[in-house]
Engineer: 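Questions regarding the structure given below will be posed in turn.
Just so you know, residue 1 is the first one in the sequence shown, and it goes up from there.
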Amino acid sequence: MAAIVTGLIPILRTAVDTTATYKCRSLWFGLLCVRLVVLFFAELPFSKLDADFTCNSSTPDVCTKFCFNERFDKPMIVAWNFMFVVVVISVLLMELFTSHLRTMAQKRSFRMKADEKPETQGAEEAQTVVGRGKMIIDLHKDRSTVGFYLLSIALRILVEACFLFLLLYWNLHALRDEHTCTKEGCKYVCILRAAPEKRMSIYALASISGIIITCSVLFCVYSIVHYLCNA
């Protein structure tokens, strides 16, 4: 639980403590938090995967290890965590672009203030307060900003689609109840303990990944129609 709290703190802090915002920003950070929580609990049944794997062999565990490697020949936990990191990067791409837009806006504001003489001290203070406020990016005004936003979301969709493929075609197949080794001299039947619970972890991860893909695709369609076609 300490690990999940440690992971949530920087995500929540970034989502709240910001000087610029854009459409659906809170949604993406909310889905990141949900994905991290699901990932944490989904990994719990796999904490002792090697101990849960048993073969009907009376010989030393060389055959058992071979059978284990034969059955779980695709990456699992590390691949899940790596995919989560890539999803975080796809979200941070828009954050970096937003930071760049705010920096450019501040520079333009400073140039305008240098060229204009404030009429009163009160007016100058009012301008400072406005400059320190939260900047809201208007996607109606700049198609390049919309394009970059859609690019970051397309990257997220691609990563989540790869993650679904990994879950359903690599990992889920390895979680069947029985496995028979094919190595000569080690043709034993092996059983995986708590296989249904492990499969449920796969289904949970696939569900949240499917939700993220659905939200991302719907937002892409909305953005194209609302910001690009009606521009």
Side-chain angles (χ1 to χ4, degrees), residues 1-11 31-93 152-217:
M1 186 58 67
I4 190 172
V5 172
T6 304
L8 283 174
I9 287 176
I11 295 177
L31 289 175
L32 268 185
C33 293
V34 173
R35 200 182 193 286
L36 179 61
V37 172
V38 174
L39 180 63
F40 174 80
F41 287 106
E43 290 181 359
L44 292 180
F46 295 89
S47 59
K48 297 181 180 179
L49 186 61
D50 54 342
D52 293 337
F53 188 79
T54 307
C55 299
N56 62 340
S57 171
S58 58
T59 60
D61 59 351
V62 175
C63 287
T64 302
K65 291 180 178 179
F66 176 84
C67 294
F68 181 87
N69 292 333
E70 184 183 59
R71 180 166 182 174
F72 298 99
D73 59 337
K74 299 292 192 302
M76 191 171 291
I77 304 299
V78 176
W80 299 353
N81 293 323
F82 175 75
M83 289 293 184
F84 178 75
V85 171
V86 180
V87 171
V88 172
I89 291 174
S90 71
V91 176
L92 292 182
L93 282 177
S152 67
I153 296 177
L155 175 61
R156 197 172 311 143
I157 294 174
L158 178 62
V159 174
E160 294 293 349
C162 293
F163 186 55
L164 274 178
F165 177 84
L166 185 149
L167 289 172
L168 300 179
Y169 290 94
W170 283 11
N171 301 151
L172 187 61
H173 176 71
L175 297 177
R176 58 192 184 276
D177 293 326
E178 291 186 4
H179 172 74
T180 302
C181 287
T182 59
K183 182 177 178 61
E184 190 68 28
C186 292
K187 293 186 177 181
Y188 300 107
V189 176
C190 301
I191 300 295
L192 182 65
R193 188 175 69 88
E197 185 176 2
K198 293 176 174 60
R199 286 195 291 267
M200 187 63 214
S201 296
I202 301 292
Y203 296 144
L205 289 171
S207 297
I208 187 61
S209 186
I211 291 174
I212 293 175
I213 291 176
T214 302
C215 293
S216 300
V217 170

Engineer: Is there a side-chain contact between I213 and L164 (heavy atoms, below 4.5 Å)?
Structural biologist: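 The answer is yes, as the side chains (C-beta and beyond) meet within the 4.5 Å cut-off.
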Engineer: Taking all non-hydrogen atoms of both residues, which atom of F68 and which atom of D50 are closest, and how far apart?
Structural biologist: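 Heavy-atom minimum between the residues: CE1-CA, 3.7 Å.
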Engineer: Where is the tightest heavy-atom contact between A51 and T54, given as atom of each residue plus distance?
Structural biologist: O-OG1, 4.3 Å
Engineer: Can a donor-acceptor pair be found, under 3.5 Å and without considering hydrogens, that links the side chain of S209 to the backbone of A206?
Structural biologist: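 Side chain of S209 to backbone of A206, a donor-acceptor pair under 3.5 Å: no, none is there.
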Engineer: In Å, rounded to the nearest 0.5 Å, how long is the span from CG of L39 to OG of S201?
Structural biologist: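 L39 CG to S201 OG: 10.0 Å, rounded to 0.5 Å.
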Engineer: Say you draw a straight line from CZ of F46 to CD1 of I202; how long is it, rounded to the nearest 0.5 Å?
Structural biologist: 4.5 Å
Engineer: Can you tell me how far apart CG (L158) and CD1 (I153) are? Round to the nearest 0.5 Å.
Structural biologist: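 CD1 of I153 is found 14.0 Å from CG of L158.
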Engineer: Ignoring hydrogens, what is the shortest heavy-atom contact between L32 and F84? Give both atom names and the distance.
Structural biologist: O-CE1, 3.8 Å
Engineer: Knowing that exactly one of V78, V85, I77 qualifies, which makes a side chain to side chain contact (heavy atoms under 4.5 Å, CB included) with N81?
Structural biologist: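 Only match with N81 under side chain to side chain contact (heavy atoms under 4.5 Å, CB included): I77.
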Engineer: Do C190 and C67 have their SG atoms under 2.5 angstrom apart?
Structural biologist: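 With an SG-SG separation of 2.5 Å or more, C190 and C67 do not form a disulfide.
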Engineer: Considering non-hydrogen atoms only, spot the tightest contact between R156 and S216 and give its length.
Structural biologist: CD-OG, 4.3 Å
Engineer: For T64 versus F53, what's the shortest heavy-atom pair and its separation?
Structural biologist: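 Reported closest heavy-atom pair: O-CE2, 3.8 Å.
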Engineer: For I208 and R35, which heavy atoms make the closest approach, and how far apart are they?
Structural biologist: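 I208 and R35 have their closest heavy atoms at CG1-CA, 4.3 Å.
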Engineer: Keeping the roles fixed (side chain from N56, backbone from Y188), state whether a donor-acceptor pair exists under 3.5 Å.
Structural biologist: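 Not a single qualifying donor-acceptor pair exists.
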Engineer: Would you compute the distance between atom CD of E197 and atom CG of L192 and round it to the nearest 0.5 angstrom?
Structural biologist: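 Here the rounded value is 10.5 Å.
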Engineer: Could you tell me whether the side chain of K74 reaches within less than 4.5 Å of the side chain of L166, counting heavy atoms only?
Structural biologist: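 The answer is no; the side chains never approach within 4.5 Å.
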Engineer: How long is the gap from CG on L172 to CG on L205, to the nearest 0.5 Å?
Structural biologist: 11.5 Å
Engineer: Side chain of N171, backbone of R199: donor and acceptor closer than 3.5 Å?
Structural biologist: no
Engineer: Measure the OG-CG distance between S47 and D52 for me, rounded to the nearest 0.5 Å.
Structural biologist: 7.5 Å
